[in-house]
Protein chains: 2
Amino acid sequence: MRAPGKTFQVLPGGRAADAYDLQEQVGFILRKANQRHLSIFAARISDLTPPQFAALAKLHEVGATSQNQLGQMVAMDAATIKGVIDRLKARGLVELEPHGKDRRRLVVSLSEKGRELVEALLPEALEVTEETLAPLTPRETATFLRLLTKLAEG
Amino acid sequence: MRAPGKTFQVLPGGRAADAYDLQEQVGFILRKANQRHLSIFAARISDLTPPQFAALAKLHEVGATSQNQLGQMVAMDAATIKGVIDRLKARGLVELEPHGKDRRRLVVSLSEKGRELVEALLPEALEVTEETLAPLTPRETATFLRLLTKLAEG
DNA sequence: GGCGTATCATTTGTACACGAATGAATTTGG
DNA sequence: CCAAATTCATTCGTGTACAAATGATACGCC
């Protein structure tokens, strides 16, 4: 029988070494936490993925920007944001036009339809956050978000 | 100027409502934390992805199992684990054989080469965890892992 | 003013991730 | 004991993710 919590393994030599327990590695637990969040999101906001919603919400917040700039703001590289924008454009939620001064750039903006959708979904999005954090008390939530942010920002 | 920390927005009616700040939503920060971890992992263990390593490490821990069972243990659905196993098999790191009693099942096991690779990488994997958690003090780390686990498990 | 460097968007290739559908095999309940 | 429900693996389709390569454009600095 092994005790619960942190486990150790006694090696042949008699030394005790940290056992590698996958279930205890941050990376693994982060992935599972993400999975749970994704599933909560999908249950409440079925017609948009989190990256798509993030892009729309950010556009709503800052107004028109170039594709790459938007990507930076929502933490997606150029290739990823392109795919997201393409799919939003195909659904008529965003509009693209060339930048006036810089001919390399593509300016993305919310369409009327996109603006209405984001605004309708903002309250739902807040509930997704709430439901995700539901297992924690308010105090724990504050601590958790502080530490998670520290971790995310390195 | 907006004050740092939790922000509020004054709506036309004069009511104050929670503003939706993408950068404060758990889902978004979780995604960024994951990105940082992924990049640390890739820098140290370049020839295996985290899902691939997770599958190998779990196999090393529990021995041969069926594909789906392994998938459950590493939190991947049937379609996902299949792809991971296929790629590991193509590299000769795992072996597949039909289950003796249940003809639906496919038993996966570590090859000799796979076993050697996992064992060589286990210390590296621990360092990935350490480096990921480096922004936190030991005390914060303990708290964080406790809360993250609570969140991941719902 | 022009050349080297940087930036923007795009494309290609690989690897998760999951819902849904399928078919084969096993288990269960009446 | 056998029909219904379940499980296992596979496939298909869609949507991130990111590295690397490419071409067009803009910018820095001499």
Side-chain angles (χ1 to χ4, degrees), chain A residues 27-28 30-43 45-56 65-91 93-94 96-108, chain B residues 27-28 30-43 45-56 65-91 93-94 96-108:
Chain A
F28 187 73
L30 273 175
R31 196 167 126 265
K32 289 212 299 177
N34 231 345
Q35 283 176 352
R36 176 161 167 273
H37 173 258
L38 271 273
S39 124
I40 291 170
F41 190 102
I45 303 184
S46 57
D47 58 349
L48 233 41
T49 65
Q52 288 168 4
F53 181 76
L56 292 181
T65 18
S66 81
Q67 214 176 246
N68 273 11
Q69 275 171 0
L70 181 60
Q72 284 217 330
M73 292 188 274
V74 294
M76 298 177 206
D77 73 4
T80 301
I81 191 69
K82 182 183 194 311
V84 173
I85 293 299
D86 280 355
R87 286 179 285 273
L88 292 175
K89 179 176 163 51
R91 291 176 53 184
L93 299 173
V94 300
L96 296 179
E97 47 176 348
H99 188 279
K101 304 279 173 63
D102 188 337
R103 289 189 306 184
R104 292 168 307 179
R105 294 194 194 185
L106 212 47
V107 176
V108 194
Chain B
F28 186 73
L30 273 175
R31 195 166 128 265
K32 289 212 299 177
N34 231 347
Q35 283 177 354
R36 175 161 169 274
H37 174 257
L38 271 272
S39 123
I40 291 169
F41 190 103
I45 303 184
S46 56
D47 58 349
L48 235 41
T49 65
Q52 288 168 5
F53 181 75
L56 292 182
T65 18
S66 81
Q67 215 176 247
N68 274 10
Q69 274 172 0
L70 181 60
Q72 284 217 332
M73 292 188 272
V74 293
M76 298 178 207
D77 72 3
T80 300
I81 192 69
K82 182 183 193 312
V84 173
I85 294 298
D86 279 355
R87 285 179 285 274
L88 292 175
K89 179 177 162 49
R91 291 176 54 184
L93 299 173
V94 300
L96 296 180
E97 47 176 347
H99 188 279
K101 303 281 173 62
D102 188 338
R103 289 189 304 182
R104 291 167 306 177
R105 294 194 194 185
L106 212 47
V107 175
V108 194

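Naming: A, B, ... by sequence-line order, numbering from 1 per chain.
Counting heavy atoms from C-beta outward, A:Leu30 and B:Leu30 have side chains that approach closer than 4.5 Å.
Taking the ring-ring contact (aromatic ring centres under 6.0 Å, His included) definition, one finds that B:Phe53 meets it with A:Tyr20, sequence neighbours left out. In this structure, the side-chain hydrogen bond (donor to acceptor under 3.5 Å, both in side chains) partners of A:Thr80, at least two apart in sequence or on a different chain, are A:Asp77. Partners of A:Asp86 according to the side-chain contact (heavy atoms from CB on, under 4.5 Å) rule, which considers only residues two or more places apart in sequence or in another chain, are A:Lys82. By the salt bridge (Lys or Arg N to Asp or Glu O under 4.0 Å) test, B:Arg104 pairs with B:Asp102, sequence neighbours left out. With sequence neighbours left out, A:Arg91 forms a side-chain contact (heavy atoms from CB on, under 4.5 Å) with A:Asp47, A:Leu48, A:Gln52, A:Leu93.
Here the closest heavy-atom approach between residue B:Ile85 and residue B:Val94 is recorded as O-CG2, 4.0 Å. For the residue pair A:Pro50 and A:Leu38, the shortest heavy atom distance occurs at CG-CD1, 4.0 Å.
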When the side chains of residues 66-76 of chain A are checked against the rest of the protein, which donor-acceptor pairs come out under 3.5 Å, sequence neighbours left out?
from, atom 1, to, atom 2, distance (Å)
A:Ser66, OG, A:Gln69, N, 3.3

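Between the CD1 atom of A:Ile81 and the CG atom of A:Leu88 there is a distance of 8.0 Å, given to the nearest 0.5 Å. A:Glu97 CD to A:His99 NE2: the interatomic distance, rounded to the nearest 0.5 Å, is 9.5 Å.
Atom CE of B:Met76 is separated from atom C1' of C:dG19 by 18 Å (rounded to the nearest Å). In this structure, CG of B:Asn34 is placed 12 Å from C1' of C:dA17, rounded to the nearest angstrom. The nearest whole Å value for the distance from the CG atom in A:Leu38 to the P atom in C:dA17 is 10 Å.
Pairs of residues two or more places apart, or lying in two chains, never qualify as salt bridge (Lys or Arg N to Asp or Glu O under 4.0 Å) while including a residue from residues 65-75 of chain A. Within the structure, the salt bridge (Lys or Arg N to Asp or Glu O under 4.0 Å) test picks out no pair touching residues 30-40 of chain A (sequence neighbours left out).
Put simply, chain B comes within 4.0 Å of DNA chain D, heavy atom to any atom, from D:dT7 to D:dC18, going 5' to 3'.
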Just the table, please: protein N/O against nucleotides 4-8 of chain C N/O, every pair under 3.5 Å.
from, atom 1, to, atom 2, distance (Å)
C:dT7, O2, A:Arg104, NH1, 2.6

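Side-chain nitrogen and oxygen atoms of A:Gln35 include at least one within less than 4.0 Å of the OP1 or OP2 phosphate oxygen of C:dC18.
With axes fitted over five pairs at each extremity, the angle between the ends of the helix from C:dG1-D:dC30 to C:dG30-D:dC1 is 30° (10° resolution).
Taking a 4.0 Å limit (strictly below) on heavy-atom distances, residues 77-89 of chain A reaches DNA chain D at A:Asp77, A:Ala79, A:Thr80, A:Val84, A:Arg87.
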